[in-house]
Amino acid sequence: MPHVYIQDIAEHVEKEVTLKGWLYNKTDKGKLRFLLIRDGTGVIQTVVFQKNVSPEVFQATDTLAQESSLVVTGTIRKDERALGGFEMDVRNLEVIQVADSYPISPKEHGTSFLMDNRHLWLRSARQHSILRIRSEIIKACRDFLDDRGFTLVDTPIITPAACEGTTTLFGLDYFEEKAYLTQSGQLYNEAACMSVGKTYCFGPTFRAEKSKTRRHLMEFWMIEPEVAFADLDDIMDLAQEHLCSIVQRVLTERTEELKVLERDTTLLETIQSPFPRISYHEAFDILEKEGTQTPRGSDFGGTDETIISSQFDRPVIVHRFPTAIKAFYMQPDGENPELALCMDILAPEGYGEIIGGSQRIHDYDLLSERIEEHHLPREAFQWYLDLRKYGSVPHSGFGMGVERVVAWICGIDHVRETIAFPRMLYRMYP
RNA sequence: UCCUCAGUAGCUCAAUUGGCAGAGCAUCCGGCUGUUAACCGGAGGGUUGUAGGUUCGAGUCCUACCUGGGGAGCCA
């Protein structure tokens, strides 16, 4: 019999086929047994009638526990009573392995228990849907950039110095030399874009901050495009189109998964260009009206981000933050050097910052000055300064946190569910 | 790191003023030809996070520690 996947089952009505998968749930009605089987592409109800199968096959269904692996052969037919509208009449069944008593039952569980069993939790419908949407989002990112002539250039994971200075890094011993896990590929992207014009990197990044919130992971993935000759306006446009294309892709390609997650897709359908663009000071006008505790001049807190984003039905771009609170490499605004040519994009529904970007300093002397001011080790940044000596051009880029985008699009409240095996403060098992 | 809440069966949770350790699910046994987290009957399953203290008596009160959840700061 041909092995088919459940997602294609509609093409096999009234035909006999073979399915390979795992037992998702079982209902026993005496001489009639319902086996819910999943195979990674979907779930289907199969029925085993005692009179239709051999005594051995019927007896085998006795022993089947949740998550047992099996191969079933039978005829597919339409049946309104079955979940999904199709059902298999089982003729033969081969048990590959009878599962031990499965810890994750269809009933409720606590977060701690589920995280301890993350390797098994991945099989549940919600987690399965999130994994599939994450994969689609990453594919959408790569397609978007590849289609626009970007070249993927992988940046190093092990780095000799901090990219942005003071944030806490994971250190490691590199043959008796001090090294760190990267916190961004950006500086290397700047070198790459002077070769290929438009580049991006996609990889894991690491922050050793002892952060413990729904928006934080110690290890997370970032997409970082960098474009030579681009200014702040250019990358705001790019980031906006990028986000729109991701949302569109998930809406069209992952409809079923969004349904499993019970995501309100009307909130995603409004994600269209143009996004509102407000300056840092305009954002603070809103915050002060809403009575924020945060003083103007400092960075937003988590609740501030929620207040700002809740004013809009689509992502909001906040640009031109004070230079004093931003990274050393950001280009000051020609009209007011107190402000940096940078932007953050805040996702709606309180999901907070999903993108941060800026125009980079391309003047050698200014960059050199900034490195001094920030007390950064000059030797480590010599190669980075070199980029400003050999055909320096204005250039800009941004970084997008994949997990936060997945959380937003899926409508889930904690980034720990957006990656298969999250690394969190006090938790790195399994 | 700080604030806050919690830890009782494999899981989710009860246990009155300090007075016999309980239920549902899961597991095992039995029943049922249309179940959707099926249902009905039965069985097994406990160092109440750890260590100390108060008390005739502690799951319950006190102290310390451990583990985890939620939040803050910081960040994408």
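Just so we're on the same page: letters track the sequence lines, and every chain starts at 1. Just so it is clear, the structure is predicted and the values come from calculations on it, not from any experiment.
A salt bridge does not link A:Arg360 with A:Asp231: none of the charged nitrogens is closer than 4.0 Å to a carboxylate oxygen. In this structure, A:Arg134 pairs ionically with A:Glu403, as a charged nitrogen and a carboxylate oxygen lie closer than 4.0 Å. Taking a cutoff of 4.0 Å between a charged side-chain nitrogen and a carboxylate oxygen, A:Glu14 and A:Arg77 do not qualify as a salt bridge.
At least one donor-acceptor pair under 3.5 Å links the side chain of A:Tyr351 to the backbone N or O of A:Ile412.
For RNA chain B, none of the residues of residues 270-296 of chain A falls under the heavy-atom distance limit of 4.0 Å. Scanning residues 306-316 of chain A for heavy-atom distances under 4.0 Å to RNA chain B yields an empty list. Using a 4.0 Å cutoff on non-hydrogen atoms, the parts of residues 67-85 of chain A near RNA chain B are A:Arg77, A:Asp79, A:Arg81, ordered by number. A heavy-atom distance below 4.0 Å to RNA chain B is reached by these residues of residues 421-430 of chain A, ordered by number: A:Tyr426, A:Arg427.
A:Lys210 is linked by a side-chain contact (heavy atoms from CB on, under 4.5 Å) to A:Leu425, counting only residues two or more places apart in sequence or in another chain.
Nucleotides B:rU63 and B:rA72 have their P atoms positioned 28 Å apart, rounded to a whole Å. Between the C1' atoms of B:rA64 and B:rA37, the separation comes to 43 Å (whole Å). Comparing the P positions of B:rA51 and B:rG31 gives a spacing of 46 Å, expressed to the nearest Å.
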Protein-nucleic acid N or O pairs under 3.5 Å, nucleotides 8-12 of chain B:
from, atom 1, to, atom 2, distance (Å)
B:rC11, O2', A:Glu108, O, 3.4
B:rC11, O2', A:His109, ND1, 2.4
B:rU12, OP1, A:Gly110, N, 3.0
B:rU12, O4', A:Glu108, O, 3.4

Detail all sub-3.5 Å separations between protein N/O atoms and N/O atoms belonging to nucleotides 39-43 of chain B.
none

Taking only distance into account, with no hydrogens and no angle test, what donor-acceptor pairs under 3.5 Å do side-chain atoms of residues 18-25 of chain A form with protein atoms, sequence neighbours excluded?
from, atom 1, to, atom 2, distance (Å)
A:Thr18, OG1, A:Thr73, OG1, 2.9
A:Tyr24, OH, A:Ala125, N, 3.2

Distance-only donor-acceptor pairs under 3.5 Å for side chains of residues 146-156 of chain A, two or more places apart:
from, atom 1, to, atom 2, distance (Å)
A:Asp146, OD1, A:Tyr200, OH, 2.8
A:Arg148, NH1, A:Phe144, O, 3.1

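For residues 305-318 of chain A, the salt bridge (Lys or Arg N to Asp or Glu O under 4.0 Å) pairs, not counting sequence neighbours, are A:Arg215-A:Glu305. Contacts classified as ring-ring contact (aromatic ring centres under 6.0 Å, His included) and involving residues 105-124 of chain A (residues at least two apart or in different chains) are given here: A:His109-A:Phe113.
Summarising the geometry, the separation between CZ on A:Phe220 and P on B:rA76 is reported as 7 Å, rounded to the nearest angstrom.
Scanning all heavy atoms of the two residues, the minimum distance from A:Ile354 to A:Val405 falls at CB-CG2, 4.0 Å.
Between the side chain of A:Arg404 and the base of B:rC75, a donor-acceptor pair under 3.5 Å is found. For A:Lys210 and B:rG73, a side-chain-to-base donor-acceptor distance below 3.5 Å is absent, hydrogens and geometry of angles not being considered.
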Pairing pattern in dot-bracket form [Watson-Crick, G-U; both distances under 3.5 Å; | = partner strand] for RNA chain B: (((((((..((((.....[..)))).(((((.......))))).....(((((..]....))))))))))))....

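In the set B:rU35, B:rC75, B:rA26, the nucleotide with an atom closest to the side chain of A:Phe34 is B:rU35.
The aromatic rings of A:Phe398 and A:His242 are tilted relative to each other, their planes meeting at an angle between 30° and 60°.
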